[in-house]
Chemist: 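Shown below is the structure under consideration.
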Amino acid sequence: MADDRKLTPQGEDFATWYNEVVQRAELADYSPVRGSMVIRPWGYGIWENMQRALDAMFKETGHENAYFPLLIPMSFIEKEKEHVEGFAPELAVVTQAGGKELEEPYVIRPTSETIIYSMYAKWVQSYRDLPVLLNQWANVVRWEMRTRLFLRTAEFLWQEGHTAHATAEEAEEETLLILGIYRKFMEEWIGMPPLTGLKSESEKFAGAVRSYCCEALMKDNKALQAGTSHFLGQNFSRQFDLKFQSEEGQEEYAWNTSWGVSTRLVGGMVMTHGDDQGVVVPPRLAPVQAVIVPILKGDDAAVLEKTDQVAARLKDLGVRVKVDARDNLNPGAKYYEWERKGVPFRVEIGPKDIEKGQLALARRLAPEGEKRKAFLPEDEAIGTLPERLEAFQSELLEAAVARREANTVRGVTSVDELSEALDSGAGFVYTGWNGEEAVEEAVKERTKATIRCLPGEEFRSPEAPTRCVSGSGDSVAEVVWARAY
RNA sequence: CGGGGCGUAGCGCAGCCCGGUUAGCGCGCCUGCUUUGGGAGCAGGAGGUCCCCGGUUCAAAUCCGGGCGCCCCGACCA
C-alpha cells in the first residue's frame, strides 16, 4: 500500500509526471482493453462530484435527463455528411449478435446526435412541443490512435445535451447559455479558468454550423479543449425529418444544439493544480476534504476517541472527512499518500494536542511564505475549516488565472514572432487572422500550434488587431493560438 | 500507421549480447515483536504461464520468426 518513490518532477518531464501521478494518486489505471482505463474510486469520486454540480446547473436551467441506446444503426451515422466523415475513422462497429451476422451493423455511439434527433422527430409535431431540452450521462467510444489517461481514451464518460428549438435565435441562445454554465462550472468548481470563444471552421464539430468552446491552459502551457457547445442549425433536423408546425401553420425544421463535457475534465484538473507532490483536488470536488490522522503512541484509546469526536463535529459542519487509523503505516507515510491524492486539508491529533486542547491543521498548498501546518485551538480549527476550504478553493482559481495571464502574449503581428513566443514557453498567443484556413495550416506546420478559438468579447485585446498574422490581408478576427492536447 | 524504447513476483528492475543447477535484487505483501508528530526496525514467511504463439536445440527468460500490449516523438483526432 505505501508507495515511497518520488514522482518524476513536472519540470523534468511533464508527460511522465502526468502518467505517474494519475496512477499513483489512484485516479485511474490501465485496463486489459486497448486505450481504455479503469477509473478508480478516488478518480470516480471526483467525477461524481463534477456530475452532481453540473447536473444541478442543467436542471436549474430547465433541462431533464434521459437515456438513449448505446448502439446506433450504421445508416443513422451516415445520414449527415460531415458527421460521418468526421467520425468514420474512429468508429467501433458491432456486426454480430446472438451468434448471427446482423443485417445492419450497429455503431457503438461516438456521440448521440443521430439517434436522439431520430426520436425527437417522433415526439415533436407542433411548436408547442418545443423546446426539447434533454441531457444524458453516458459512455461513448471513439477508437483513437493514441490514448492518454483521462485526456483521450477509447471509451470515456460524459454528458451530452441535445436540444431542439423553434428558431435559430433561441437555439443560439441555448448554445451560449450552456457555454456560460461550462465556464462557471470550470471556474467555480475546478478552479480551471477557460478561455471561451468560437472554433474556426477547421476545428468545429463534425456536423455543426458553429462550435463554441472552453479552452484551458495546463501547467505545461498546452491548451486543453475542456468543453464544447455546438449550434447545429438544421443540419440534423433535415436528415432526421425533425419538423414542427409553427404558430402560423407552416411546416418548419427544428433548430438543434448539442454540448458536452467529459471525464477529460479530471485530467484538466490534474494538469491545472497538480505539483511535484501529486494531485491537488479543489475542495468542492474532493471526495475527502479533510483527512484526520491520529498519532498513536501508547495512549491510543484517548487519541482515537478524540479523533472520532473531531470527525463527527466536522461532518456536522458539512465537511467530508475521513479518519485514517491504519496501524501499519507511520503518520509520515500517510501524509505523503494523502498529499499525492490531493486532499486539501489534514488534521493531526496526538496526545500532546489533547493535552493542550489543540489540533494540527495542514494545508495541501500554502501561499508563498506561509507555513503549511499550524497548531490551532480545537474549536477554532474545527469551526473555521469550512471557510478555510472555500478560501482554498478561491486561491486555486486565482492562481490559475494568474498563471494563464502570465503565459499569455497579445498583439503578436508575425508568424516569426508567434513561433518565437511559443518556443520561449508562451501558452496562449493572440494575433489577427484573415479567416483563411491556409494560414492555420501554415502556422500549424511551422509551430505545431492551432487556433484554439476566436475569443469571446471579454477575452479580446483592448485594441483589435488590424492585419493577419500571416502578413497578407486584413484581420477579420482576433484569434488565440496554442499547442494543444 | 511511421520512428524509437519497453514487456521477468503487486511495483521498480538485474539476468539476455556469450543457451546449461532450485531465475535474482530492492520495495511492497503475510506472521510476530518493538515502533508511530514527515516515507519505521528486526526476525521468519508467501508469492513466477520470464507478454503470447510457433521454430531451432539434448537443453530457451536468453537464439530465430510472427503476434499482442504499454510509453515517448510524429501523423491522425470535438
Side-chain angles (χ1 to χ4, degrees), chain A residues 1-8 13-16 18-20 23-24 29-37 82-83 85-91 110-111 113 140 142-149 151-154 156 158 160 199-208 210-215 223-230 232 258-262 264 277-278 293-300 303 324-340 346-356 358-362 372-373 375 444-445 448 450 452-453 484-485:
Chain A
M1 206 45 112
D3 173 356
D4 62 358
R5 285 166 299 146
K6 286 206 161 95
L7 292 164
T8 297
D13 181 346
F14 195 84
T16 299
Y18 179 80
N19 285 328
E20 286 180 2
Q23 290 175 87
R24 292 178 47 204
D29 202 355
Y30 293 107
S31 80
V33 182
R34 193 207 79 106
S36 298
M37 64 176 179
E82 287 186 15
H83 193 61
E85 279 172 12
F87 284 104
E90 47 190 71
L91 292 179
T111 180
E113 277 78 5
V140 291
R142 299 180 185 181
W143 213 253
E144 301 285 357
M145 295 287 233
R146 196 167 148 205
T147 57
R148 299 197 60 190
L149 295 169
L151 302 176
R152 180 174 288 104
T153 46
F156 57 91
W158 76 343
E160 48 179 328
K199 280 293 183 195
S200 69
E201 202 52 26
S202 67
E203 294 270 331
K204 76 172 190 191
F205 176 69
R210 279 192 289 284
S211 290
Y212 293 92
C213 63
C214 294
E215 293 283 328
L224 182 74
Q225 180 172 298
T228 46
S229 180
H230 313 290
L232 303 174
S258 71
W259 27 276
V261 295
S262 71
R264 173 181 266 198
Q277 278 62 57
V293 179
I295 310 297
L296 307 169
K297 10 176 137 172
D299 199 7
D300 296 3
V303 170
D324 185 353
R326 289 176 293 179
D327 64 0
N328 58 329
L329 291 181
N330 272 349
K334 295 179 187 177
Y335 302 164
Y336 280 104
E337 181 176 324
W338 290 109
E339 281 170 11
R340 190 161 52 239
R346 177 179 76 238
V347 178
E348 301 167 19
I349 303 177
K352 279 186 224 157
D353 302 308
I354 295 178
E355 224 170 85
K356 297 183 189 168
Q358 68 178 22
L359 300 177
L361 186 62
R372 294 200 312 168
K373 186 157 142 181
F375 292 88
K444 186 180 179 184
E445 176 78 15
K448 294 179 199 162
T450 49
R452 299 323 300 160
C453 72
Y485 274 96

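Here the structure is a predicted model, which is why all the values come from computation and not from measurement. By convention in this document, chain letters (A, B, ...) are assigned in the order of the sequence lines, proteins followed by strands, and residues within each chain are numbered from 1. Every heavy atom of this structure was used, including side-chain atoms; hydrogens, water molecules and symmetry mates were not.
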Chemist: Does B:C1 have a Watson-Crick or wobble partner in any strand here, with both distances under 3.5 angstrom, and which is it?
Modeler: B:G74
Chemist: With P as the reference atom in both, quote the distance from B:A61 to B:G19 in angstrom, rounded to an integer.
Modeler: 14 Å
Chemist: So which nucleotide from B:C77, B:G37, B:G39 ends up closest to the side chain of A:Pro351?
Modeler: B:G37
Chemist: Is the phosphate of B:C73, meaning OP1 or OP2, less than 4.0 Å from a side-chain N or O of A:Arg146?
Modeler: yes
Chemist: Let me know which of A:Thr147, A:Val140, A:Leu151 forms a side chain to side chain contact (heavy atoms under 4.5 Å, CB included) with A:Phe156.
Modeler: A:Val140
Chemist: Strictly distance-based, threshold 3.5 Å: is any side-chain N or O of A:Gln23 a donor or acceptor partner for the main-chain N or O of A:Asn19?
Modeler: yes
Chemist: Can you say whether a donor on the side chain of A:Asn330 sits under 3.5 Å from an acceptor on the base of B:G37, or the other way round?
Modeler: no
Chemist: A:Glu85 CD to B:C77 P: how many Å, rounded?
Modeler: 12 Å
Chemist: What's the verdict on side-chain contact (heavy atoms from CB on, under 4.5 Å) for A:Phe375 and A:Leu359, showing C-alpha distance, side-chain angles and the deciding distance?
Modeler: CA-CA 6 Å; A:Phe375 292 88; A:Leu359 300 177; over 6 Å; no
Chemist: Between B:C29 and B:U57, how far apart are the P atoms? Round to whole Å, please.
Modeler: 48 Å
Chemist: Please work out if A:Thr228 contacts a base, only the sugar-phosphate, or nothing of the nucleic acid, heavy-atom cut-off 4.0 Å.
Modeler: base
Chemist: Between B:G2 and B:C76, how far apart are the P atoms? Round to whole Å, please.
Modeler: 15 Å
Chemist: May I ask you to test the A:Val303-A:Ile354 pair for a side-chain heavy-atom distance under 4.5 Å?
Modeler: yes
Chemist: The side chain of A:Phe375 lies closest to which of these nucleotides: B:A78, B:U36, B:G37?
Modeler: B:G37
Chemist: Measure from the side-chain heavy atoms of A:Trp158 and tell me the nearest of B:A40, B:C76, B:A78.
Modeler: B:A78
Chemist: Within this structure, what is the CG-to-P distance between A:Asp324 and B:G39, rounded to whole angstrom?
Modeler: 15 Å
Chemist: Scan every strand shown for a Watson-Crick or G-U wobble partner of B:C13, both distances under 3.5 Å, and answer none if you come up empty.
Modeler: B:G24
Chemist: Give a yes or no on whether the backbone of A:Gly332 and the side-chain of A:Asn330 come within a donor-acceptor separation of less than 3.5 Å.
Modeler: no
Chemist: If I take atom CG in residue A:Leu151 and atom P in nucleotide B:C71, what distance separates them, rounded to the nearest angstrom?
Modeler: 12 Å
Chemist: Look at the side chain of A:Gln225 and decide which nucleotide, out of B:G37, B:G38, B:A78, has an atom nearest to it.
Modeler: B:A78
Chemist: For A:Glu20 and B:C72, what is the distance between atoms CD and P respectively, to the nearest whole Å?
Modeler: 11 Å
Chemist: Stepwise, does the side-chain contact (heavy atoms from CB on, under 4.5 Å) test hold for A:Glu339 with A:Arg372?
Modeler: CA-CA 12 Å; A:Glu339 281 170 11; A:Arg372 294 200 312 168; 3.1 Å; yes
Chemist: Please state the P separation for the pair B:C71 and B:G12 - nearest whole angstrom.
Modeler: 13 Å
Chemist: Please determine if A:Lys6 and A:Glu20 form a salt bridge, counting it only when a charged side-chain N lies under 4.0 Å from a carboxylate O.
Modeler: no
Chemist: Between B:G39 and A:Tyr336, is there a base-stacking contact, meaning the centre of the base's six-membered ring lies under 5.5 Å from the residue's ring centre while the planes stay under 30° apart?
Modeler: yes
Chemist: P atom, B:G45 versus B:U62: distance in rounded Å?
Modeler: 31 Å
Chemist: Distance check: side-chain N/O of A:Lys334 vs OP1/OP2 of B:U36, anything under 4.0 Å?
Modeler: no
Chemist: Report yes if a donor N or O on one partner sits less than 3.5 Å from an acceptor N or O on the other, where the partners are the side chain of A:Lys297 and the base of B:G37; otherwise report no.
Modeler: yes
Chemist: Check every strand shown and say whether A:Arg346 touches a base, only sugar-phosphate, or nothing at a heavy-atom separation below 4.0 Å.
Modeler: base
Chemist: Measuring to OP1 and OP2 of B:U35, would you say a side-chain N or O of A:Asn328 lies under 4.0 angstrom away?
Modeler: no
Chemist: Passes side-chain contact (heavy atoms from CB on, under 4.5 Å), A:Glu203 versus A:Thr450? Steps please.
Modeler: CA-CA 9 Å; A:Glu203 294 270 331; A:Thr450 49; 3.9 Å; yes
Chemist: Determine the Euclidean distance between corresponding C1' atoms of B:G32 and B:G69; express it in Å to zero decimal places.
Modeler: 42 Å
Chemist: Specify the separation, in whole Å, of atom CG of A:Asp327 and atom P of B:C30.
Modeler: 10 Å
Chemist: Determine the Euclidean distance between corresponding C1' atoms of B:C72 and B:G28; express it in Å to zero decimal places.
Modeler: 28 Å
Chemist: Can you measure A:Arg326 atom CZ to B:A40 atom C1' for me and round it to whole angstrom units?
Modeler: 15 Å
Chemist: Both distances below 3.5 Å, Watson-Crick or wobble geometry, any strand: find the nucleotide opposite B:C42.
Modeler: B:G32
Chemist: Give the nucleotide from the list B:C1, B:G39, B:G37 with an atom nearest to the side chain of A:Arg340.
Modeler: B:G39
Chemist: With A:Lys199 as reference, evaluate A:His230, A:Glu215, A:Arg210 under the side chain to side chain contact (heavy atoms under 4.5 Å, CB included) test and give the passing residue.
Modeler: A:Glu215
Chemist: Atom pairs, N/O to N/O, protein against nucleotides 67-70 of chain B, distance under 3.5 Å?
Modeler:
{"from": "B:C70", "atom 1": "OP1", "to": "A:Gly35", "atom 2": "N", "distance (Å)": "3.0"}

Chemist: If you check the A:Asn19 side chain, which of B:G74, B:C76, B:C72 turns out closest?
Modeler: B:C72
Chemist: Look at the side chain of A:Phe87 and decide which nucleotide, out of B:C76, B:G38, B:A78, has an atom nearest to it.
Modeler: B:A78
Chemist: Can you find a donor-acceptor N/O pair under 3.5 angstrom joining the side chain of A:Glu339 to the base of B:G38?
Modeler: yes
Chemist: B:G69 pairs with which nucleotide, Watson-Crick or G-U wobble, both distances below 3.5 Å?
Modeler: B:C6
Chemist: Rounding to an integer number of angstrom, what distance separates B:A46 and B:U21 when you compare their P atoms?
Modeler: 23 Å
Chemist: In chain order, what residues pass the side-chain hydrogen bond (donor to acceptor under 3.5 Å, both in side chains) check against A:Arg142, with sequence neighbours excluded?
Modeler: none
Chemist: Is any NZ, NE, NH1 or NH2 atom of the basic residue among A:Arg34 and A:Glu144 found under 4.0 Å from an Asp or Glu carboxylate oxygen of the other?
Modeler: no
Chemist: Determine, stepwise, if the pair A:Tyr335 / A:Glu348 fulfils side chain to side chain donor-acceptor pair (under 3.5 Å).
Modeler: CA-CA 10 Å; A:Tyr335 302 164; A:Glu348 301 167 19; 3.3 Å; yes
Chemist: Polar atoms only, N or O, under 3.5 Å: list the protein pairs with nucleotides 7-14 of chain B and their distances.
Modeler:
{"from": "B:C11", "atom 1": "O2'", "to": "A:Arg5", "atom 2": "NH2", "distance (Å)": "3.3"}

Chemist: Quick one: A:Leu296 CG to B:A40 P, roughly how many Å, whole number?
Modeler: 14 Å
